[in-house]
Amino acid sequence: MEAKKALEEIFKELHKHYNPHGWWPAETPFEVAVGAVLTQSTNWHNVEKAIRNLKKLKVLLPEGLYELQDVLLQEAIKPAGFHTRKSKAVKAVAKLFLSLNAKDELLEIRKKLLSIKGIGKETADSILLYALEKPIFVVDAYTFRFLERYGIETSKNYDKVQALFHNAFQNDVNLFREFHALIVEHSKTLCKKKPDCEHCFLKKCKRATVTGAL
Ligand code: SF4
């Protein structure tokens, strides 16, 4: 089955099965961006602790965070780990937010984000999609694992997989947000490290048909 059709079917099934999310628990776009950096190599629970600390300091705004002393910033985000590296990255993101204007193009902002040390494609695209509402799909390790199991070749190539989603659903910000969230949800619920194919509702998944679980 061609990838476009398969992705459309997967989205329909996931959407039917899980409640729509609206996703990314945050009060402001800047909080989303900070969370996207802090969540690298840690779980969301630790990010929440760091975010709470920043809120207590009343610096969860680009100006406030950019001007905060490094030592205070590092202490506040310590629960999320790698606090020295992440403090530099969130400060650079704060600086970028201060310089943004409405006319900035997606690719221009992406290039600036990717030039920040410690920000790769997944983090940059999370900021673009969830904080800045730009039409770009976020690919992560769950996406690779899920698609491979389903029978969609990824070559573990970020750009290739992102292009599959962009070709299938052009410029649909809400769908990109929802689809990424649904893949994460499915990967935590059924398509886990050890997949629970027996209880999975995705009848056309290649792995399940090969293993005879469906
Ligand atoms: S059938 Fe199994 S491998 Fe396929 S999506 Fe469901 S849980 Fe994952």
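Numbering of ligands and ligand atoms starts at 1, following listing order. Start at 1 with the first residue, then count along the sequence. Small disclaimer: the values here were computed from a predicted structure and weren't measured.
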| field | Ring centers of His186, Phe146 separated by less than 6.0 Å | value | yes
| note | Going by the 4.0 angstrom heavy-atom rule, the piece of Tyr150 near ligand 1 is neither
| remark: So the atoms of ligand 1 within less than 4.0 Å of a heavy atom of Leu190 turn out to be 7 (S)
| Can you tell me if Lys192 has a non-hydrogen atom under 4.0 Å from ligand 1? | no
| Ion pair present between Lys204 and Glu13, side-chain N to carboxylate O less than 4.0 angstrom? | no
| message | Quick check: do Glu105 and Ile109 have side-chain heavy atoms less than 4.5 Å from each other? | response | no
| request: Give a yes/no on ligand 1: does Phe201 have at least one heavy atom closer than 4.0 angstrom to it? | output: no
| message | If the condition is side-chain contact (heavy atoms from CB on, under 4.5 Å), which residues does Gln40 pass it with, not counting sequence neighbours? | response | Arg85, Lys86, Thr123
| Which bit of His186 gets closer than 4.0 Å to ligand 1, counting heavy atoms only: side chain, backbone, both or neither? | side chain
| said: Considering Cys191, Cys205, Cys197, Pro195 one by one, which has a heavy atom nearer to atom 8 (Fe) of ligand 1 than any of the others? | reply: Cys191
| field | For Cys200, atoms of ligand 1 separated by under 4.0 Å from a heavy atom | value | 1 (S), 5 (S), 6 (Fe), 7 (S)
| Worked verdict on Ile152 versus Ile10 for side chain to side chain contact (heavy atoms under 4.5 Å, CB included) | CA-CA 11 Å; Ile152 297 174; Ile10 291 167; 4.1 Å; yes
| said: Can you tell me how the ring of Phe179 sits relative to the ring of Phe169, calling it parallel under 30°, perpendicular over 60° and tilted otherwise? | reply: perpendicular
